[in-house]
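Numbering of ligands and ligand atoms starts at 1, following listing order. Numbers for residues simply follow the sequence, beginning at 1. All values reported here derive from a predicted model rather than from experimental measurement.
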Amino acid sequence: MAKTILTQGDITTQRVDAIVNAANEGLLGGGGVDGAIHRSAGPSVMQECQAFDGCETGDAVATSAGDLFADHIFHAVGPVWLGGLEGEEAALVRCHTRAIDLALERGCRSIAFPAISCGVYGFPINRAAPLALSVARSAERSALDEIRFVLFSEPDYFAFARGLDSL
Ligand code: AR6
């Protein structure tokens with residue numbers, strides 16, 4: 001049975017089989033966690049990303065993980081927050097579900113997620129956390145051993161901790 005774990009820190013240093021990136025539809029890098037992951041993983045991952053014709057919001061694609069400890073990076077595209085009436089919640093759930101599916105297809109036992117959409121894309125973290133955690137909860141009976149959420153700041157960590165309590 002998989003455990004859902006919360007930790008505060010930098011996702012690029014996590015020792016897991018798969019790291020999830022908060023990417024954009026172009027898959028060509030950016031700031032935030034996307035920039036950090038590409039800087040740490042090295043240019044081969046960007047080359048793999050360029051071979052895709054982008055990725056739709058709510059979906060995810062897999063590459064190798066370059067210089068990271070992980071074996072895979074799943075580049076998940078979360079929604080831009082537009083006020084909540086444009087299907088943002090469903091898209092956030094879909095991109096998390098897609099990353100879990102990619103992990104299971106590849107035989108991963110552990111996966112680490114950042115707070116997708118909760119930075120530049122403006123998704124309120126108190127609304128995002130229970131959605132992300134509910135996807136993890138539904139995957140707890142899968143072959144995964146650990147689903148880890150890596151929160152960069154202390155307030156983000158506590159938002160996820162409250163979300164976990166309320167599940
Ligand atoms: N480890 C873990 N979390 C991090 C790290 C890190 N090293 N760095 C930042 N975060 P964001 P989004 C947190 O903006 O909202 C990019 O330019 C950060 O504090 O990275 O999905 C892409 O290319 C926040 O809580 O992603 C897209 O264009 C969370 O990661 C766009 O931003 C997500 O913030 C995607 O926006």
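Counting only distance, with no hydrogens or angles, the side chain of E140 and the backbone of K3 share no donor-acceptor pair below 3.5 Å.
A chain of hydrophobic side-chain contacts below 4.5 Å, direct or via other Ile, Leu, Val, Met, Phe, Trp or Tyr residues, connects I73 to V16. Linking ILVMFWY side-chain heavy atoms closer than 4.5 Å, directly or via other members, places V150 and I19 in a single hydrophobic cluster. Note on F158: it clusters hydrophobically with F123, by side-chain heavy-atom contacts below 4.5 Å among ILVMFWY residues.
Of all atoms in ligand 1, listed by their number and element, those nearer than 4.0 Å to a heavy atom of N24 are 22 (C), 23 (O), 27 (C), 28 (O). Within the listing of ligand 1, atoms 1 (N), 6 (C), 7 (N) sit less than 4.0 angstrom from a heavy atom of D10. Of all the atoms in ligand 1, the ones that sit under 4.0 Å from a non-hydrogen atom of A22 are 21 (O), 22 (C), 26 (O), 35 (C). Numbered from 1 in the order shown, with element, the atoms of ligand 1 that lie under 4.0 Å from a heavy atom of D34 read 22 (C), 23 (O). Listed by number with element, the atoms of ligand 1 under 4.0 angstrom from any heavy atom of G29 are 23 (O). For ligand 1, the atoms sitting less than 4.0 Å from at least one non-hydrogen atom of G30 are 17 (O), 23 (O), numbered in the order shown with element in parentheses.
A distance of 9.5 Å separates CG of D101 from OG of S142, quoted to the nearest 0.5 Å. Note that OH of Y157 is 12.0 Å distant from CZ of R162, once rounded to the nearest 0.5 Å.
For atom 21 (O) of ligand 1, the nearest non-hydrogen atom of the protein is S117 N, 2.8 Å. Atom 15 (O) of ligand 1 has as its closest protein heavy atom G119 N, 2.8 Å. Of all protein heavy atoms, the one lying nearest to atom 33 (C) of ligand 1 is A115 O, 3.2 Å. Of the protein's heavy atoms, D156 OD2, 3.2 Å lies nearest to atom 25 (O) of ligand 1.
Contact check on R109 versus D17 returns no salt bridge, with no Lys/Arg side-chain nitrogen under 4.0 Å from an Asp/Glu carboxylate oxygen.
A 4.5 Å side-chain heavy-atom check between F160 and F149 finds at least one atom pair inside the cut-off. Residues C55 and L27 are in side-chain contact: their nearest non-hydrogen atoms beyond the backbone lie under 4.5 Å apart.
Considering both main-chain and side-chain atoms, I11 comes within under 3.5 Å of ligand 1 through a nitrogen or oxygen pair. In terms of polar-atom proximity, defined here as any N/O pair under 3.5 Å, F152 makes no such contact with ligand 1. Taking distance alone, with nitrogen or oxygen atoms compared against 3.5 Å, V33 approaches ligand 1 more closely than that limit.
With L133 as the fixed residue, the side-chain contact (heavy atoms from CB on, under 4.5 Å) test singles out one of D165, L6, I147: L6.
Here the shortest heavy-atom distance to atom 31 (C) of ligand 1, taken over F113, F149, Y121, W81, belongs to Y121. Considering V77, V150, V120 only, the shortest heavy-atom separation from atom 32 (O) of ligand 1 involves V120. Around atom 16 (C) of ligand 1, the closest heavy atom drawn from A36, A128, G31 belongs to G31.
Note: H96 and F113 have parallel aromatic rings, judged against thresholds of 30 and 60 degrees for the angle between ring planes.
Residue contact check for ligand 1: C118 places a non-hydrogen atom closer than 4.0 Å to it. The closest approach between a heavy atom of T12 and any atom of ligand 1 is not below 4.0 Å. Ligand 1 does not have G35 within reach: every non-hydrogen atom of the residue lies 4.0 Å or more from it. Under a 4.0 angstrom heavy-atom cut-off, G9 registers as being in contact with ligand 1. Using a 4.0 Å heavy-atom cutoff, S153 is absent from the residues neighbouring ligand 1.
H75 and T63 form a side-chain donor-acceptor contact under 3.5 Å, judged by distance and modelled atom types alone.
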Worksheet item: Hey, mind stepping through Q8 and S153 against side-chain hydrogen bond (donor to acceptor under 3.5 Å, both in side chains) and telling me if it holds?
Response: CA-CA 7 Å; Q8 193 189 334; S153 71; over 6 Å; no
